[in-house]
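Reminder, nothing fancy here: chain letters follow the sequence lines and each chain counts from 1.
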There are 2 protein chains.
Amino acid sequence: MEEIDRRIVTLLAHDGRMSFTDLARETGLSVSAVHQRVRRLEKRGVVRGYAAIIDHDAIGLPLTAFVSIKPIDPAAPDDAPVRLAHLSAIEACHSVAGDESYILKVRVASPVALEDLLQQIRASANVSTRTTVVLSTPYEHRALVAAPETTPGEAGQDASA
Amino acid sequence: MEEIDRRIVTLLAHDGRMSFTDLARETGLSVSAVHQRVRRLEKRGVVRGYAAIIDHDAIGLPLTAFVSIKPIDPAAPDDAPVRLAHLSAIEACHSVAGDESYILKVRVASPVALEDLLQQIRASANVSTRTTVVLSTPYEHRALVAAPETTPGEAGQDASA
DNA sequence: GATGAAATCACTTCTAT
DNA sequence: ATAGAAGTGATTTCATC
């Protein structure tokens, strides 16, 4: 990907509702040029969608937790993500290396709701769970700066670059 | 929060660029009424912002990991989030209950970049790290349905409700 | 709070370079 | 791939209920 596209992606990651007019101003292109680039980025799947960032306390889901799961029967087919998809409290599901097979990020209304959710997770996917409760979140959803390309020697994750 | 506001929040969580015209159609309100409600939700902090959802593979950050950190000196003041804020590879920082003090979600370009990042985390915050590498992500950023209010007996995290 | 109208501005398409 | 112009449609403000 190229310089201007990376700039567009970064701008939209920070403000998903930024207008094409503003994107044009920020990139030095015309409105129709950025418009075409954004549409192409969407079509290519670089921009996968747009979302409002919600305060979960305000919508009645103040409790966040990470739930690591491990199959009870290691020989059984591993379709946990599909079996858990109906549980809307699960915000994300990552397959991970290590002792456990998946890490789920969940949001619930209360400790009791978490207890109930864990039972549903165990029953739905035939797994054991290990839960880490989030106490507070200093930051989240920080928009990442796109790496120019993997440059040898430069790791590319320091903001001081 | 009330029924129509919850509906607006849910719609914007799924599509952060939805127009006021469409929001009005979906809620049965007039355009100016939803407009006023959205502005109020933004002002109250229920809607904290808007973001494009980016394919990290496409922008050169294909490696995701969870990094749990623990202070080397438990007596030292715990300001890890501030000390780590300059590392732009860190997408989120959660304070957690359990053996470790924080869980970081990080995105990097390569294993070498992760190694480099871990060294910077340890040096910046005087912590030990435990890293869980993400192999794949079945789903992420699933928009959550707002709970009506904490209803006794109803846990409120099942989509079948 | 909600509405409808009016003005402004952005989005989108088309043509041309 | 970019730019500019033109038509359409959305955003925003305002008067009114």
Quick note, ring pair (Phe, Tyr, Trp, His ring centres under 6.0 Å) partners involving residues 109-148 of chain B, not counting sequence neighbours, are none
The complete set of ring pair (Phe, Tyr, Trp, His ring centres under 6.0 Å) pairs with one or both residues in residues 29-69 of chain B, sequence neighbours excluded, reads A/F66-B/F66, A/H94-B/F66, B/F20-B/H35
Applying side chain to side chain donor-acceptor pair (under 3.5 Å) to B/R39 and not counting sequence neighbours gives B/E42
Is it the case that the side chain of A/R17 and the backbone of B/G16 share a donor-acceptor pair, with hydrogens and angles ignored and the cut-off at 3.5 Å? yes
Scan B/A33 against the nucleic acid and name what it touches under 4.0 Å (heavy atoms): base, sugar-phosphate only, or nothing. base
Taking Watson-Crick and G-U wobble contacts under 3.5 angstrom, with | marking pairs to another strand and [ ] crossing pairs, the secondary structure of DNA chain D is written ||||||.||||||||||
Note: chain A reaches DNA chain C at heavy-atom distances under 4.0 Å over the stretch, first to last nt, 5' to 3', of C/dA10 to C/dT13
Write out a two-atom table: protein N or O, nucleotide N or O from nucleotides 15-17 of chain D, distance below 3.5 Å.
none

For A/I4, the side-chain contact (heavy atoms from CB on, under 4.5 Å) test, sequence neighbours excluded, returns A/E2, A/I8, A/T27, A/L29, A/R37
Using a 4.5 Å side-chain heavy-atom cut-off and chaining through intermediate ILVMFWY residues, the residues clustered with B/I53 come out as none
Contact check, residues 43-51 of chain A vs DNA chain D, heavy-atom distance under 4.0 Å, returns none
ask   = Looking at A/Q36, does any N or O in its side chain come under 4.0 Å of the phosphate oxygens OP1/OP2 on D/dT2?
value = no
Residues pairing under salt bridge (charged side-chain N to carboxylate O under 4.0 Å, His left out) where one sits in residues 85-95 of chain A, two or more places apart or in two chains, turn out to be A/E91-A/K105, A/E91-A/R107
Which pairs would a plain distance check flag for residues 69-76 of chain A, meaning a side-chain donor or acceptor within less than 3.5 Å of a matching protein atom at least two apart in sequence or in another chain?
unit_1 : atom_1 : unit_2 : atom_2 : d
A/K70  : NZ     : A/D99  : OD2    : 3.1
A/D73  : OD1    : A/A75  : N      : 2.9

Hydrophobic clusters here meaning ILVMFWY residues chained together by side-chain heavy-atom distances under 4.5 Å, can you tell me if B/Y102 and B/L87 are in one?
yes
With B for base contact, S for sugar-phosphate-only contact and - for none (protein heavy atoms under 4.0 Å), nucleotides 6-12 of chain D reads ----SBB
ask   = Under 4.5 Å between any side-chain heavy atoms of B/E115 and B/L118, yes or no?
value = no
- Message: Check B/D5 with B/R40, please: is the shortest side-chain N to carboxylate O separation under 4.0 Å?
- Response: yes
